[in-house]
Protein chains: 2
Amino acid sequence: MSTESKSSSRERLIEAAGEVFSEVGFKAATVREITSRAGMNLAAVNYYFRDKEELYSAVLMHAQRCAIEASWVSESSGAPEIRLRDFIEGMLRHLLDPLRPAWHSRLMAREMTAPTRMLRGLLDGGFRPKVELLGGILRELADGRLTDEEIDRASASIVSQCVFYRQNRPVILHLYPDLLGDEDHIGKLADHITAFSLGGLEQLKKSSPVRLPVALL
Amino acid sequence: MSTESKSSSRERLIEAAGEVFSEVGFKAATVREITSRAGMNLAAVNYYFRDKEELYSAVLMHAQRCAIEASWVSESSGAPEIRLRDFIEGMLRHLLDPLRPAWHSRLMAREMTAPTRMLRGLLDGGFRPKVELLGGILRELADGRLTDEEIDRASASIVSQCVFYRQNRPVILHLYPDLLGDEDHIGKLADHITAFSLGGLEQLKKSSPVRLPVALL
DNA sequence: AAATGTTTCAAACGTTTGTTTGATTTTAAT
DNA sequence: ATTAAAATCAAACAAACGTTTGAAACATTT
């Protein structure tokens, strides 16, 4: 078989495994279910990969590579308020856009709440750069009136609002049934989180302990 | 054996099972690990419960009953700002307080991200009343200037900031290592989320479409 | 066409899983 | 003390699991 259809077999396997792993987790996923969904023989996993764990590792790397390529980090310039709004909408679309393969972000969400040994690499490789970009935007918005710790807390508050809708989708559908319904609900969500967070930042600036300008220290 | 030590056997089993289930999930948890931690024989699960699944059900019900008893819903009265702050701190302590058995909220977090058929009952029985209380506080703070949908979105924004620190603890320890360190970090967290959210609400009131008073319609 | 390397497959292997069984011990009541 | 019920235990069970194996099918090269 040609190398291209060989890699296509590997990829079919990774794709099917990604779905299953993201649905039930590593331990509960069975090699039989994975190979069955890929339309391949049971032994395929141990032929293309050493074992089930190496397949899981390959799946995570694939999802991470896709996440980096289709990077939702906006290089948009302009007012920091606009860049914040772009950042939030990009993150929400990355997490919720039904056009993307659902298992990518579902698997990441699983890895964050129930991490395996691969979490550290995933964070440093894919997530930390984006969090640092967000930190830069927030520092601009803070205008020197927030401490590093306050910036971090605000950053966590913003990220939390975004990942909430990915990690707790079943809860939201049951508790806030109207929030995910109509078309362009992602846009509305981005509008809300942006406004809410900008307001939150303003409040932090008001109540933050005054910092002396460096020149006066 | 007395009925009290009989129920104590059942409870030892539930306690051990709660730990294991919360750590690795239902499927990956083994009856042998559970009975071993409880210091009991392998057959104990099928003696006190019909099977592993009924044990899981009992564990969830136990966690829910504890959550309702040690209700973190503050009946505090006074300014809605104070009641919001009390609500947030109560929720955070419920989720993060190291004095409480860690597996209670860990298991709930697991159930929210990877729900079983028992999620609906858990939400209606334990969580919805609190969310409705939060909605009441927010409605007061909104002063009639926010739509029901905006109230719901703000409610979700506040809840998301709280559960974030429970559901993504490993991520936070790695990405924001300074946020969970010192003593009374829960109090500081409650301060931040309260201020951030009050600011967010103010911003929503500013940018919300003006609603005509009912009397004028 | 023959030979070689690659991929697929059914079958089986050894573990681990949840559950059952029947004997044994412990408890409670007479 | 006797008896009956309840609780505990070691042992075994069938089913499901990840993995291995060796032959068959396929593709590629000589």
Side-chain angles (χ1 to χ4, degrees), chain A residues 1-62 103 107 110-111 114 116-118, chain B residues 1-62 103 107 110-111 114 116-118:
Chain A
M1 210 174 230
S2 72
T3 56
E4 107 192 20
S5 67
K6 165 182 178 176
S7 70
S8 130
S9 283
R10 261 184 68 109
E11 283 165 20
R12 281 218 326 277
L13 215 43
I14 287 183
E15 206 66 30
E19 289 181 19
V20 180
F21 283 139
S22 80
E23 285 167 11
V24 300
F26 175 79
K27 183 74 185 297
T30 71
V31 174
R32 284 169 172 85
E33 170 71 19
I34 291 171
T35 52
S36 164
R37 281 205 209 182
M40 312 180 79
N41 183 270
L42 168 64
V45 163
N46 303 94
Y47 178 76
Y48 287 101
F49 305 89
R50 182 151 32 85
D51 53 18
K52 182 184 169 187
E53 191 157 353
E54 192 184 291
L55 170 61
Y56 182 73
S57 165
V59 166
L60 274 185
M61 287 195 229
H62 174 69
W103 67 264
L107 190 66
R110 202 172 257 284
E111 188 69 24
T116 69
R117 75 184 69 156
M118 312 201 59
Chain B
M1 206 177 235
S2 72
T3 56
E4 109 191 20
S5 68
K6 164 184 178 176
S7 68
S8 131
S9 282
R10 259 184 69 108
E11 284 166 20
R12 281 217 327 277
L13 216 43
I14 288 183
E15 206 66 30
E19 289 182 18
V20 180
F21 282 139
S22 80
E23 284 167 11
V24 300
F26 175 79
K27 185 73 185 298
T30 71
V31 175
R32 282 169 175 83
E33 170 71 19
I34 291 171
T35 52
S36 164
R37 280 204 209 183
M40 312 181 77
N41 185 271
L42 167 64
V45 162
N46 304 93
Y47 178 76
Y48 286 102
F49 305 89
R50 183 154 32 84
D51 54 17
K52 183 185 168 187
E53 191 156 355
E54 191 184 292
L55 170 61
Y56 183 73
S57 164
V59 165
L60 274 185
M61 287 195 227
H62 173 70
W103 66 265
L107 190 66
R110 205 172 254 285
E111 188 70 24
T116 69
R117 74 186 68 156
M118 311 201 61

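The chains referred to below are lettered A, B, ... by the order of the sequence lines, with proteins before strands, and numbering in each begins at 1.
- Not counting sequence neighbours, the partners of A:Thr116 by the side-chain hydrogen bond (donor to acceptor under 3.5 Å, both in side chains) test are A:Glu111.
- For the helix from C:dA1-D:dT30 to C:dT30-D:dA1, the end axes, each set by the C1' atoms of five terminal pairs, are bent relative to each other by 0° (nearest 10°).
- A:Lys27 has its NZ atom 11 Å from the P atom of C:dT16, to the nearest Å.
- Residues from residues 34-44 of chain A placing a heavy atom under 4.0 Å of any atom in DNA chain D, listed by number, are A:Leu42, A:Ala43.
- One can place OH of A:Tyr56 at 21 Å from C1' of D:dT19, the figure rounded to the nearest angstrom.
- In this structure, B:Ser9 does not reach the D:dA6 phosphate: none of its side-chain N or O atoms is under 4.0 Å from OP1 or OP2.
- To the nearest 0.5 Å, atom CE of residue A:Met40 and atom CZ of residue A:Arg10 are 11.0 Å apart.
- Rounded to the nearest 0.5 Å, atoms CD1 (A:Ile34) and CZ (A:Phe21) are 4.0 Å apart.
- In this structure, the side chain of B:Arg110 engages the main chain of B:Glu23 through a donor-acceptor pair within 3.5 Å.
- Atom CG in B:Asp51 sits roughly 5 Å away from atom P in C:dT19 (whole-Å rounding).
- Looking at heavy atoms from C-beta onward, A:Lys52 lies out of side-chain contact with A:Leu55 at the 4.5 angstrom threshold.
- Residue contacts shown for A:Ala29 are limited to sugar-phosphate atoms, with no base heavy atom under 4.0 Å away.
- For the pair B:Tyr48 OH and C:dT20 C1', the interatomic distance rounds to 17 Å; values are reported in whole Å.
- Considering only heavy atoms from C-beta on, B:Tyr56 comes within 4.5 Å of B:Leu107 through its side chain.
- Following rounding to the nearest Å, B:Arg32 (CZ) and C:dT15 (P) show an atom-to-atom distance of 14 Å.
- Scanning both residues, B:Val59 and B:Gly18, for their nearest heavy atoms gives CG1-CA, 3.7 Å.
- A:Phe49 approaches A:Ile14 most closely through the heavy-atom pair CZ-CG1, 3.9 Å.
- Rounded to an integer number of Å, the gap from B:Asn46 CG to D:dA6 C1' is 17 Å.
- What separates CD of B:Glu54 from P of C:dG18 is a distance of 16 Å, to the nearest Å.
- Between A:Thr35 and A:Leu13 the shortest heavy-atom distance is CG2-CD1, 4.3 Å.
- Mapping A:Tyr47 and B:Glu53 onto DNA chain C by nearest heavy atom places A:Tyr47 closer to the 5' end of the strand.
- Nucleotide D:dC9 holds its P atom 12 Å from the CG atom of B:Leu13, rounded to whole Å.
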